[in-house]
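Structure, as structure tokens:
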Amino acid sequence: MDMVVCVKRVPDTAESEVHIDSSGRDIDKGRLSFGINEADNYAVEEAIQIKERDGGTVTVISLGGKESDEQIRMALAKGGDEAVRLEDPAFAGSDGLAIAKALAAAVKDLKYDIIFTGALADDDAFGAVGVAMAELLGVNHAAYVKKVEIAGDKIKVGRELEGGLLEFVEMDLPAVLTIQTGINEPRYASFKGIKLAAKKEIELKSAADLGLDASEIGEAGAWAKLEKFTPPVVGEMAEILEGEPEETASRLAGILKEKGLV
Amino acid sequence: MLFELAEEERLFRSMVRDFAEGEIRPKVDELWEKGEFPYGIIEKMGELGIMGIPWPERYGGSGGDYLSYVIAVEELARVESTCAITLEAHISLGSSPLYYFGTEEQKQEILVPLARGEKLAAFGLTEPEAGSDAGNTKTTAVLDGDEWVINGTKCFITNAGTDISAGVTVTAVTGQDDGKSAISNIFVPKDTPGYNIAPKYKKMGWHASDTRELSFSDCRVPASNIIGKQGEGFCQFLYCLDGGRIAIAGLAIGNAQGCLEECMKYVKERVQFGKPIASFQAIRFKLADMATQIELARNLAYKAAALRDAGKPHTKEAAMAKLFASEMCMAAATQAVQIFGGYGFMDEYPVSRFFRDAKILEIGEGTSEIQRIVIARELGI
Ligand SMILES: Cc1cc2nc3c(=O)[nH]c(=O)nc-3n(C[C@H](O)[C@H](O)[C@H](O)COP(=O)(O)OP(=O)(O)OC[C@H]3O[C@@H](n4cnc5c(N)ncnc54)[C@H](O)[C@@H]3O)c2cc1C
């Protein structure tokens, strides 16, 4: 089984205060710490577990600056074989689709059975890259995958639905799977693994190397354009309910009834 | 001069941080309350190569540098101190004499399982009458045929009484040299008859770490268990202690960093006089001082570790790092409790534990007074 895992370096915003920067189109990342996107960490683990069970290779790909090498190497340290990083000023302003174009261009010449991505990025939360990539490559896909079973050249995957239900679908390989957190228990890299990974080469590819024209990628190739960030505005008609969920839910139900909306 | 870690060291740090967050953080309360030795965590640390970071792979280690090991101790202590001190005593005190001064056979036989984390190492220097005055060792080892016969008592020994302890390297008087006791280091396996292990001490902090009194009564070990040459024990443990002091500085920096992070969260949440206490200058200045002192201690400790890695003299820098970092940590923990007010005095608040774990750092592996003696001596006065 030859596999590709796409990983993204993201700022850790869970415990920090987030401020909009002076451009108005990004957050101030100066004081944030960075790590691998959470769902991608599970995607890496899933690929490595399959490799350990059934053999094969795992190639790690990331679109990002030099700092992303850290996330790539950690994935190599856990059991990845090869790595590619895509970097080009032309990628700036990409949306999910433009990123998918770059990634698809990078994997299309590789031998692959499964491409893994995380289901959702912790920062921009498009949830689109994996699915768009499958479409561009003309292969099957499944999103929010929480279970993977391999049977020959087919796979059966469990997709997470509302309320924790799993929907099982079977499909032919190759396929793109976007992995949901909790599918497995991601391992820690070992010291030896890190030392080995530190010596591995990460292949660097620009837009030109990928045969991509500037008009297809980055802001030019994006369908969605980020205009500005703003904190949610509390409108005049809005009433914010505060308190415990049980309490706010019953108050909400009361209001809806009162206004004759239900 | 950018004071930046190499990529490999940054990866090590991030791996140990993830491990501490994922495997230790959820057990912090239990470790403190029950005080039971964390076998499961130590086993996992062994599997990841943390228990043998600075030793070469041919001896079961990870082939990392000393700096990476100090960073690992720091990252563990940022969350909880007993796993950090268990690692520190295991590497700097217990395993070091074997690695630096042991024979090839001793390394293959004793060091390899230690470096893999299958066994735990300890060093027995302190005695009831030989604390700071380590040269006043009363324990004796007499050669009888091809065996050393050891008699004496060691106190406050870490890692020697667990189920996975390999044994302890003790300092013992093996003769006289110009009227002074000649001290040698001898490895005593734990199952040796006459190796008596007292119950665990009840401690102010470090509840889950294993510290005990040991006594030896006609305890016989093979003559080949001596480490290095007879009479070289004193010099050997001074070299090992130089390394240990840098690692204790790492423990202090991690503990202080943990205090700072707890405070950073709390001051934004705690409201008094209608405002988060983070808005009061008195509180802001405490945090500014804490962060500044941590930065200074970290730079000093990493420098000492880098000197050790480069094979350069570092006795003075190691003593300075240990002295400054441990006193800095005590001050930071004191301020952390102050910032938490009455809640900081309560057991369930992490800063109360950080505070109690901090004090020993000014005492173990040479008290602050002894560090100042060492530094003054190194200054040439
Ligand atoms: C939890 C814990 C774990 C430990 N683990 C180990 C271990 O694994 N192995 C081991 O060998 N030891 C271990 N120790 C022992 C530790 O290293 C000693 O406690 C320490 O070195 C101090 O010795 P002491 O307690 O006898 O104090 P003392 O030497 O009696 O000191 C008492 C006071 O007198 C001061 N003092 C002493 N001499 C001088 C001087 N010349 N000038 C000025 N002031 C002086 C000291 O600074 C101190 O303030 C451990 C201790 C503890 C508490």
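Lettering of chains follows the sequences in order, A, B, ..., and the numbering in each one begins at 1.
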Is the count of non-hydrogen atoms from other residues, nucleotides or ligands lying under 6.0 Å from [X] atom [atom1] greater than 12?
X	atom1	value
A/R31	CZ	no
A/E201	CD	no
B/Y100	OH	yes
A/K147	NZ	no
B/R284	CZ	no
B/F280	CZ	yes
B/E7	CD	yes

How long is the gap from CE on A/M74 to OG on B/S14, to the nearest 0.5 Å?
3.0 Å
Please round to the nearest 0.5 Å and tell me the distance separating atom CG of B/L11 and atom CG of A/L76.
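B/L11 CG to A/L76 CG: 10.0 Å, rounded to 0.5 Å.
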Side chain, backbone, both or neither: which part of B/E57 has an atom under 4.5 Å from a heavy atom of chain A?
side chain
Give, as side chain, backbone, both or neither, the part of B/E8 having an atom under 4.5 angstrom from any heavy atom of chain A.
both
Which of B/G63, B/G64, B/G52 touches chain A most, by non-hydrogen pairs under 4.5 Å
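The answer is B/G63.
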What is the minimum heavy-atom distance between A/I194 and B/M15, and which atoms define it?
CD1-CB, 3.9 Å
Do you know which of B/E47, B/K44, B/E23 makes side chain to side chain contact (heavy atoms under 4.5 Å, CB included) with A/Y188?
B/E23
For the pair B/I50 and A/F191, evaluate side-chain contact (heavy atoms from CB on, under 4.5 Å) and give the outcome as yes or no after the intermediate values.
CA-CA 7 Å; B/I50 299 176; A/F191 261 76; 3.9 Å; yes
Counting heavy-atom pairs closer than 4.5 Å to chain B, which one of A/G193, A/A197, A/A198, A/A189 comes out on top?
A/A189
